[in-house]
Amino acid sequence: MNRKAVILLFGCLLLCGASVFAQGRRAICINEVMVQNDSNYIDDYGRYQAWIELFNSAYAPIEISSMYLTNDKNNPKMYPVPRMDVNTEIPGRQHVVFWADNEPNKGTFHINFKLEPGKDNWIGLYDADGKTLIDEVLVPASLGANQSYARKQDGVKNEDNDAEAWEVRDGSDEKYITPESNNIIIDSNEKIEMFVEHDRYGIGMTVISMLIVFVCLLILSLAFRAIGKFNAKLAQRKREEATGALASAAEVDRDPDSGEEIAAVCMALHEHLNMHDHEDLVLTINKVKRAYSPWNSKIYSLRELPHK
Amino acid sequence: MELINFLGQNLADFWSFTGFANATPGHIVMLCVGLFFIWLAIKHDFEPLLLVPIGFGILVGNIPFKIDAGLEVGIYEEGSVLNILYNGVSAGWYPPLIFLGIGAMTDFSALIANPKLMLIGAAAQFGIFGAYIVALAIGFAPDQAAAIAIIGGADGPTAIFLSSKLAPNLMGAIAVSAYSYMALVPVIQPPIMKLLTTKKERLIRMKPARAVSQNEKIMFPIIGLLLTCFVVPSALPLLGMLFFGNLLRESGVTTRLAKTASNALNDIIVMLLGLTVGASTQASEFLTWSTLGIFFLGFMAFVIASASGVLFVKIFNLMLPKSKKINPLIGNAGVSAVPMSARISNNIGLQYDPNNYLLMHAMGPNVAGVIGSAVAAGALLGFLG
């Protein structure tokens with residue numbers, strides 16, 4: 001393999017590694033926040049504290065240790081999520097709640113800052129380098145007691161204006177608060193409901209799916225038709241080049257043979273006819289060692305597999 | 001006396017654990033079904049590589065035992081050996097591995113040489129959607145209907161893959177139905193082919209396929225993957241492995257891997273897949289009215305698929321010049337029962353013209369059917385998954 005290929009391979013591997021890393025951590029997002037928790041959700045010490053819920057929007061588990069939670073843009077490394085805790089690996093499509101009680105000694109999920117009721121609270125989630133902002137949210141000052149600020153759908157962001165992806169929830173039947181659980185409880189498959197409603201006889205599905213199958217195979221067919229034609233042209237050109245080369249070689253052959261060539265041919269013929277006259281008469285007997293004998297073979301003592 | 005009582009009590013306990021004490025009529029029926037499958041495979045050579053493991057799996061899955069004893073032997077009991085092996089089916093990773101083997105075994109030359117034959121493979125997928133329409137009419141929900149309809153693709157691994165995602169409770173019946181009808185392809189297809197074609201059409205001779213260069217064979221899996229999976233990413237597990245296996249075969253530098261994928265690995269997965277699918281057909285799950293419906297729909301799907309492939313060729317011929325006409329007998333090969341349906345095309349063709357060998361022409365739509373059914377499964381999974 002030449003040097004260029006090795007460099008190219010390394011480049012590709014680095015690129016793949018970088019993208020895998022980025023894809024993984026970027027799937028973590030801030031999903032729901034409660035600033036003033038008077039009587040909502042109790043922590044593991046039996047107290048009501050403000051909380052921040054993170055959600056893993058990927059379908060694979062993601063380790064969040066060494067990421068940073070902060071409420072200060074100037075100090076992105078405010079709370080590093082501790083390492084060596086098995087609970088910091090969030091399973092796919094699962095949640096984890098951090099208690100904003102400014103008491104980090106109580107455990108991994110108790111962070112070293114508090115959220116302030118009646119004020120705008122900015123919360124940021126940074127990657128392990130402390131520079132890459134993974135997600136952020138500005139919780140409005142108007143958020144009341146026992147109200148949460150939550151994404152309308154778990155992990156779904158609005159790239160143009162992320163504030164539109166959030167809503168205030170007051171704990172009512174329509175706007176329920178869901179720490180460590182999905183913000184929307186899905187009890188049916190929307191896609192199937194849609195097909196039941198709009199495509200009762202399956203005609204739509206049949207038309208669309210057959211179209212997809214045909215398009216896929218038609219594209220493949222056209223691609224290989226083109227490749228086949230290109231290949232045929234290439235082969236034709238090679239044939240023509242070869243024929244051209246032969247023609248020019250034939251022209252060269254028409255030139256009178258040089259003396260050197262004639263001498264070389266004569267020497268080759270002489271060697272071929274005269275050099276090996278003695279060896280043909282020599283007989284050689286080599287001892288052949290055969291360790292194997294059918295008499296000691298196990299295979300003959302076993303029953304053969306039956307054949308039909 | 002106490003000793004006799006003690007022994008009697010233990011014997012009674014032991015009896016309550018035996019299959020005799022726990023057998024139900026359902027178990028007996030399923031054991032007979034398993035024996036019937038094994039008989040079909042050994043006596044009549046119907047897909048023996050699949051029907052022997054499935055038939056024996058049915059026996060394994062229907063040995064009666066005391067369910068509440070916590071023996072951890074049943075396929076649905078968490079942590080049992082069979083349950084661990086069944087994970088490959090329920091989590092859907094056996095079918096892609098089978099596709100890896102199929103890719104490593106399949107020579108796509110016939111398809112590359114005559115790419116328009118791919119469209120026959122697409123047309124035959126109408127069997128899937130025809131059965132989907134009938135399944136909806138019978139009263140199945142869309143996801144269940146799709147899982148059942150995929151039987152029409154005549155592709156066991158694809159049927160298992162899709163049903164494990166869309167209707168896991170029906171998967172046993174769907175898999176058994178798919179493999180049963182694949183075994184019965186030589187019985188189902190010929191009458192349909194003869195019914196839909198004239199004698200003149202059956203005598204059509206096709207031009208021999210051109211030679212395909214090694215470069216084209218190498219490019220096929222790469223371009224095939226990119227083009228199909230960009231359109232239907234949900235088919236990636238199946239198509240990705242199919243094309244990967246084919247690249248191993250055609251690249252010429254990974255012969256060892258191709259051999260393993262097409263021989264040892266494929267055989268291991270076929271054994272485990274067949275056995276666990278068979279074992280998953282426990283009487284309580286299998287002996288239902290749904291199963292009857294699934295078998296009926298599976299048959300419908302096969303008939304529609306075979307007929308639509310043949311009819312498509314006849315329509316396609318109307319647009320082709322006389323010298324490039326396609327023999328409609330290769331239309332049935334659009335279903336992906338490789339290479340059985342291609343062999344049927346060849347045999348029927350030889351019945352009418354002893355010198356008209358259609359096998360290589362039929363292999364084109366046959367392998368296109370493998371791709372087509374995987375794409376159809378991907379589309380259904382994308383819409384309903």
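Every heavy atom of this structure was used, including side-chain atoms; hydrogens, water molecules and symmetry mates were not. By convention in this document, chain letters (A, B, ...) are assigned in the order of the sequence lines, proteins followed by strands, and residues within each chain are numbered from 1.
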Q: Tell me, side chain or backbone of B:F230 under 4.5 Å from chain A's heavy atoms, or both, or neither?
A: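 Answer is neither: B:F230 stays 4.5 Å or more from chain A.
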
Q: Considering heavy atoms only, which positions within residues 372-382 of chain B lie below 4.5 Å of chain A?
A: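 Within residues 372-382 of chain B, the residues under 4.5 Å from chain A are B:G372, B:V375, B:A376, B:A379, B:L380, B:G382.
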
Q: Apply the test side-chain contact (heavy atoms from CB on, under 4.5 Å) to residues B:D107 and B:E250: give CA-CA distance (whole Å), side-chain angles for both, the deciding distance (0.1 Å), then the verdict.
A: CA-CA 9 Å; B:D107 182 359; B:E250 301 297 355; 4.0 Å; yes

Q: Using a 4.5 angstrom heavy-atom cutoff, name the option from B:A123, B:A368, B:G121 with the most pairs to chain A.
A: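 Among B:A123, B:A368, B:G121, the one with the most close pairs to chain A is B:A123.
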
Q: Report the relative orientation of the aromatic rings in B:F243 and B:F220; use parallel for angles under 30°, tilted for 30 to 60°, perpendicular for over 60°.
A: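 The rings of B:F243 and B:F220 stand perpendicular, inter-plane angle above 60°.
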
Q: At a heavy-atom separation under 4.5 Å, does B:F312 approach chain A through its side chain, its backbone, both, or neither?
A: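 Contact with chain A involves the side chain of B:F312 alone.
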
Q: Test of understanding: with side chain to side chain donor-acceptor pair (under 3.5 Å), list the residues that count as partners of B:S213, not counting sequence neighbours.
A: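 B:S213: side chain to side chain donor-acceptor pair (under 3.5 Å) contacts with A:N231, B:E216.
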
Q: Is there a donor-acceptor pair closer than 3.5 Å between any side-chain N or O of A:E32 and the backbone N or O of A:E53?
A: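 Not a single qualifying donor-acceptor pair exists.
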
Q: Just checking B:M319: does its CE atom have more than 12 heavy atoms from other residues, nucleotides or ligands closer to it than 6.0 angstrom?
A: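 Correct, the count exceeds 12.
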
Q: Answer yes or no: are there more than 12 heavy-atom neighbours, outside B:K324 itself, under 6.0 Å from its atom NZ?
A: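 Check fails, neighbour count at 12 or below.
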
Q: Considering only heavy atoms and a distance below 4.5 Å, find which of B:T228, B:L226, B:L384 pairs most often with chain A.
A: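 It is B:L384.
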
Q: With a 4.5 angstrom heavy-atom cut-off, is it the side chain or the backbone of A:F224 that approaches chain B, or both, or neither?
A: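 For A:F224, backbone and side chain are both near chain B.
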
Q: Mark yes when over 12 heavy atoms from residues, nucleotides or ligands other than A:R200 sit less than 6.0 Å from its CZ; otherwise mark no.
A: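 No, the 6.0 Å shell around CZ holds no more than 12 heavy atoms from other groups.
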
Q: Using a cut-off of under 4.5 Å for heavy-atom pairs, which of A:I219, A:D199, A:V207 has the most such pairs with chain B?
A: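 It is A:I219.
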
Q: A:T178 pairs by side-chain hydrogen bond (donor to acceptor under 3.5 Å, both in side chains) with which of A:N183, A:N31, A:D154?
A: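 Output: one option passes, namely A:N183.
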
Q: Considering only NZ, NE, NH1 and NH2 on the basic side and carboxylate oxygens on the acidic side, decide whether A:E167 and A:K175 come within less than 4.0 Å.
A: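 The answer is yes: the pair qualifies as a salt bridge.
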
Q: What part of B:Y132 gets closer than 4.5 Å to chain A, counting heavy atoms only: side chain, backbone, both or neither?
A: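 Contact with chain A involves the side chain of B:Y132 alone.
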
Q: Is any side-chain heavy atom of A:F109 closer than 4.5 Å to one of A:N87?
A: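 Counting from C-beta outward, A:N87 and A:F109 do come under 4.5 Å.
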
Q: Who in residues 134-146 of chain B is close to chain A, using a strict under-4.5 Å heavy-atom cut-off?
A: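 Residues of residues 134-146 of chain B touching chain A at under 4.5 Å: B:L136, B:P142, B:D143.
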
Q: More than 12 heavy atoms of other residues, nucleotides or ligands under 6.0 Å from CZ of A:R93: is that the case?
A: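 Counting neighbours around CZ of A:R93, more than 12 heavy atoms of other residues, nucleotides or ligands fall under 6.0 Å, so yes.
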
Q: Between A:D129 and A:R25, does a salt bridge (Lys or Arg N to Asp or Glu O under 4.0 Å) hold up when you go through it step by step?
A: CA-CA 12 Å; A:D129 59 3; A:R25 288 272 167 100; over 6 Å; no

Q: Does A:N161 have any side chain to side chain contact (heavy atoms under 4.5 Å, CB included) partners at least two apart in sequence or in another chain, and if so, which?
A: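 A:A163, A:E164.
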
